[in-house]
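This report refers to the structure that appears directly beneath it.
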Amino acid sequence: MKLKDKIFDYVCGKQPERSARFPHLDQPLKVMLIYESDYLERNDAIKTIRQELLQRNMDITMWGYVEKKEITTLILPQSRILGPSDYNLLGKPRDYVLTDLQAEHYDLLIDLTTRPLLPLRYLALFTDADFKVGMNLGEGIHDMLISLPDFSPEQGEQAEIEASWLFNQIMKYLTTIKSND
């Protein structure tokens, strides 16, 4: 285990206990969507997901991360892409990132991260959301976890999971489960 991962686990353990509130999808929700950006920062699949959520009358904020030196996408109130310069040497987000991230409260965090990427794990950890959902990557940040399907041997060991597949799984479960609130 790398030092950065140990520091993340320590920071994760120091967070206060959460009490999750399941979202009512029939009501307007404020949603934070986090994802791994493609290298060109086009993110067509993420834009399609955003459109689907907007059609459900949701207020969407999207934060992505890409591992490259210079980010070309503008920083907007509803959309932002972070890069390595937005994190310190220990892998933690810089103060200005945390300030911007924690300035808003969300009803739902949808984490479309499909592999354990430390910068996005920090975003998921520090997002102020009533309910957090994402893929089961083993860190204990989310209130609801989506597990990978069993892949057949001909698909290979490392079958690529797409953000759109993960989003469809998340929405399937969120719309199927009814809250007792």
Side-chain angles (χ1 to χ4, degrees), residues 1 4-37 43 45-46 48-65 78-82 87 91-93 97-150 161-181:
M1 182 182 252
K4 288 181 180 182
D5 292 325
K6 287 184 181 194
I7 292 169
F8 176 81
D9 290 342
Y10 175 79
V11 170
C12 197
K14 289 290 187 187
Q15 297 304 305
E17 194 70 31
R18 290 178 34 81
S19 67
R21 284 192 19 237
F22 196 83
H24 297 277
L25 293 184
D26 53 348
Q27 299 172 356
L29 295 175
K30 191 168 185 162
V31 178
M32 169 59 100
L33 188 72
I34 63 175
Y35 61 97
E36 182 178 2
S37 174
N43 303 308
I46 302 301
T48 302
I49 289 167
R50 180 180 182 275
Q51 285 306 117
E52 185 176 326
L53 291 171
L54 287 172
Q55 289 173 353
R56 292 176 174 263
N57 202 24
M58 296 181 183
D59 180 13
I60 310 302
T61 301
M62 306 183 317
W63 281 35
Y65 176 82
Q78 298 292 321
S79 180
R80 179 178 203 169
I81 296 180
L82 303 171
Y87 292 81
K92 288 180 66 177
V97 172
L98 290 176
T99 301
D100 291 352
L101 181 64
Q102 294 172 329
E104 296 287 330
H105 174 79
Y106 300 94
D107 301 306
L108 175 63
L109 165 74
I110 299 176
D111 182 352
L112 296 178
T113 309
T114 58
R115 60 190 182 106
L117 201 57
L118 190 62
L120 291 174
R121 291 167 66 198
Y122 271 113
L123 289 184
L125 178 66
F126 288 124
T127 297
D128 180 18
D130 290 337
F131 196 78
K132 298 179 179 185
V133 61
M135 198 155 120
N136 187 359
L137 299 174
E139 67 261 306
I141 296 171
H142 303 94
D143 303 309
M144 186 171 91
L145 299 171
I146 305 297
S147 292
L148 290 174
D150 292 331
I161 299 299
E162 305 245 342
S164 54
W165 176 87
L166 181 57
F167 174 74
N168 290 334
Q169 295 300 306
I170 288 171
M171 293 310 291
K172 179 176 89 173
Y173 287 108
L174 288 179
T175 53
T176 304
I177 300 169
K178 298 292 182 213
S179 174
N180 292 333
D181 295 354

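Values below: all heavy atoms of this structure, side chains included; hydrogens, waters and symmetry mates excluded.
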* Residue pair D130, H105: steps toward the side chain to side chain donor-acceptor pair (under 3.5 Å) verdict -> CA-CA 8 Å; D130 290 337; H105 174 79; 3.0 Å; yes
Can you name the nearest heavy-atom pair linking [X] to [Y], along with the distance?
X	Y	result
I49	S164	CD1-CA, 4.0 Å
A20	D143	CB-CG, 3.4 Å
N136	S147	ND2-OG, 3.7 Å
L25	T175	CD1-CG2, 3.5 Å
M144	F131	CB-CZ, 3.7 Å
G134	I170	CA-CD1, 4.4 Å

Holding to ring pair (Phe, Tyr, Trp, His ring centres under 6.0 Å), I want the full list of residues that pass it with [X], two or more places apart in sequence or in another chain.
X	value
Y65	Y87
Y106	none
F167	none

* Does a sphere of radius 6.0 Å around CZ in R18 hold more than 12 heavy atoms from other residues, nucleotides or ligands, not counting ones at 6.0 Å or beyond? ->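 Yes, CZ of R18 has more than 12 neighbouring heavy atoms, counting only those of other groups under 6.0 Å.
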* Taking only residues two or more places apart in sequence, or in another chain, which ones meet T127 in a side-chain hydrogen bond (donor to acceptor under 3.5 Å, both in side chains)? ->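 T127 satisfies side-chain hydrogen bond (donor to acceptor under 3.5 Å, both in side chains) with no other residue.
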* Asked: Which residue pairs pass the side chain to side chain donor-acceptor pair (under 3.5 Å) test with at least one member in residues 51-63, sequence neighbours excluded?
  ->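 Only T61-Q78 qualify under side chain to side chain donor-acceptor pair (under 3.5 Å).
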Tell me, please, which residues at least two apart from [X] pass side chain to side chain contact (heavy atoms under 4.5 Å, CB included).
X	result
Q169	I146, W165, K172, Y173
S79	M62
A163	I46, L112

Give, for atom [atom1] of [X] and atom [atom2] of [Y], the distance between the pair rounded to the nearest 0.5 Å.
X	Y	atom1	atom2	result
L118	F8	CG	CZ	6.5 Å
N43	T48	CG	OG1	10.5 Å
K14	D9	NZ	CG	13.5 Å
M135	T113	CE	OG1	9.0 Å

* Asked: Is the backbone N or O of A124 less than 3.5 Å from a side-chain atom of K132, with the two atoms forming a donor-acceptor pair by type?
  ->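 Yes, because the side chain of K132 sits within donor-acceptor range (under 3.5 Å) of the backbone of A124.
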* Go through R121 and V11 one step at a time and tell me if the side-chain contact (heavy atoms from CB on, under 4.5 Å) criterion holds. => CA-CA 11 Å; R121 291 167 66 198; V11 170; over 6 Å; no
Can you find a heavy atom in the side chain of [X] that is under 4.5 Å from one in the side chain of [Y]?
X	Y	answer
K92	L98	no
L108	L174	yes
I141	Q15	no

* Using the test salt bridge (Lys or Arg N to Asp or Glu O under 4.0 Å), find all partners of D128 that sit at least two apart in sequence or belong to another chain. =>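 Residues passing salt bridge (Lys or Arg N to Asp or Glu O under 4.0 Å) with D128: none at all.
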* To do: Would you list the pairs meeting salt bridge (charged side-chain N to carboxylate O under 4.0 Å, His left out) in which at least one residue belongs to residues 100-110, sequence neighbours left out?
  =>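 Every salt bridge (charged side-chain N to carboxylate O under 4.0 Å, His left out) pair that includes a residue of residues 100-110, provided the two are not neighbours, is K30-E104, R80-D100.
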* Given side-chain contact (heavy atoms from CB on, under 4.5 Å), test M32 with L123 step by step and report yes or no. => CA-CA 10 Å; M32 169 59 100; L123 289 184; over 6 Å; no
